[in-house]
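First up is the structure itself, then whatever we jot down about it.
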Amino acid sequence: TPERVVNLFCVLVGCFFFSSIVSALSAKVMQYRMASLSRRAKVSVMRTYLCDKGISPDLTHRVMQRVRQHLGEVLEGSKTTNFDGPQLGVLSAKLRQDLLWEICAQRLRSSFIMRTLSSLQADLSTQGAWKKALSQTVVDAGSPLFDAETVADKVYVVLVGTMKYTQDPSTSDVQDVKEMRIEADTW
């Protein structure tokens, strides 16, 4: 009868409609759970990084607050984030400087150039003086740190890895091409 056909049609449309609603809700819940798991993993990566570097609990707390705040802003704005590791660009300049100081302080104090400078000028041994002069330069493998024939206005201390320093007769006062490998904790 026509009533049964209409009834069957309404049941089929209702099933299709409500199954699509349930499917959309399920997809949203899964998306939220995946974003939450991703956020926890990123926070864990940063916490592990800070722990491995021996950062003080106070500074770790401040950094973690900023990282959580950044990740929360990214999730609320439904933007994607490229924070897939301990990238320090999300930190304020002061927080990044404090973190860099704690990471580098021990190695800087033990490096030859810094010990020499400290012995020449007593106020260089204070943390404030170091923080003013300290900055971080990250160089990709194979990229130049500085170009030939530029005036040196900085001292570079290799903290991690090695650097290849090349002098060419066309740009330096040498007879032949000279290559030197500079190891960590040297300048």
Side-chain angles (χ1 to χ4, degrees), residues 13-111 114 125-146 154-164 181-187:
V13 168
C15 284
F16 177 74
F17 180 71
F18 285 113
S19 67
S20 65
I21 288 176
V22 168
S23 175
L25 285 174
S26 176
K28 284 292 184 186
V29 167
M30 285 305 294
Q31 183 181 12
Y32 176 78
R33 288 181 74 191
M34 293 301 289
S36 179
L37 284 173
S38 174
R39 180 177 184 266
R40 275 192 234 134
K42 291 170 184 176
V43 167
S44 177
V45 165
M46 181 57 93
R47 182 171 292 131
T48 301
Y49 174 78
L50 296 173
C51 183
D52 288 347
K53 296 296 181 185
I55 305 302
S56 68
D58 177 54
L59 186 56
T60 296
H61 178 70
R62 290 174 28 217
V63 168
M64 294 308 297
Q65 274 185 322
R66 179 60 190 123
V67 167
R68 284 190 193 99
Q69 178 187 1
H70 172 73
L71 289 173
E73 290 169 1
V74 168
L75 289 177
E76 288 172 10
S78 55
K79 296 183 247 174
T80 59
T81 178
N82 61 356
F83 185 87
D84 58 355
Q87 298 174 0
L88 307 179
V90 299
L91 305 177
S92 68
K94 174 160 180 12
L95 196 54
R96 193 170 38 246
Q97 190 72 14
D98 290 346
L99 184 59
L100 184 60
W101 166 254
E102 284 206 22
I103 291 170
C104 299
Q106 189 63 33
R107 293 181 118 166
L108 284 174
R109 285 186 189 117
S110 66
S111 72
M114 301 309 172
S125 61
T126 64
Q127 180 178 346
W130 285 108
K131 280 186 173 182
K132 288 178 185 173
L134 189 65
S135 66
Q136 179 181 21
T137 303
V138 178
V139 181
D140 292 328
S143 299
L145 181 59
F146 52 87
K154 298 176 184 161
V155 173
Y156 294 96
V157 177
V158 179
L159 295 176
V160 178
T162 60
M163 182 176 82
K164 182 175 81 172
R181 291 188 63 79
I182 301 172
E183 303 293 326
D185 295 328
T186 58
W187 59 283

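The shown structure was predicted, so the numbers you read here are calculated from the model rather than taken from an experiment.
Taking CZ of Phe16 as the start and OG of Ser23 as the end, the distance is 10.0 Å to the nearest 0.5 Å. Separation of atoms OG (Ser44) and CG (Leu37) is listed at 12.0 Å; rounding is to 0.5 Å. Atom NE2 of His61 and atom CZ of Arg66 lie 14.0 Å apart (nearest 0.5 Å). To the nearest 0.5 Å, atoms NZ (Lys53) and CG (Leu99) are separated by 9.5 Å.
Between Arg47 and Val67 the shortest side-chain heavy-atom distance does not fall below 4.5 Å. With contacts defined as side-chain heavy-atom distances shorter than 4.5 Å, the pair Met163/Arg181 does not qualify. The side-chain heavy atoms of Leu95 and Val63, taken from C-beta on, include a pair separated by under 4.5 Å. Arg62 has its side chain within reach of Asp98: a pair of non-hydrogen atoms, C-beta onward, lies under 4.5 Å apart.
In terms of heavy atoms, Met64 sits closest to Met46 at SD-CG, 3.7 Å.
Here Asp52 pairs with nothing under the salt bridge (charged side-chain N to carboxylate O under 4.0 Å, His left out) rule; sequence neighbours left out. With sequence neighbours excluded, no residue satisfies side-chain hydrogen bond (donor to acceptor under 3.5 Å, both in side chains) with Thr48.
Between the side chains of Arg40 and Ser36, a donor-acceptor pair is found at a separation under 3.5 Å.
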Donor-acceptor contacts, no H, no angles, side chain residues 27-35, under 3.5 Å, sequence neighbours left out:
none

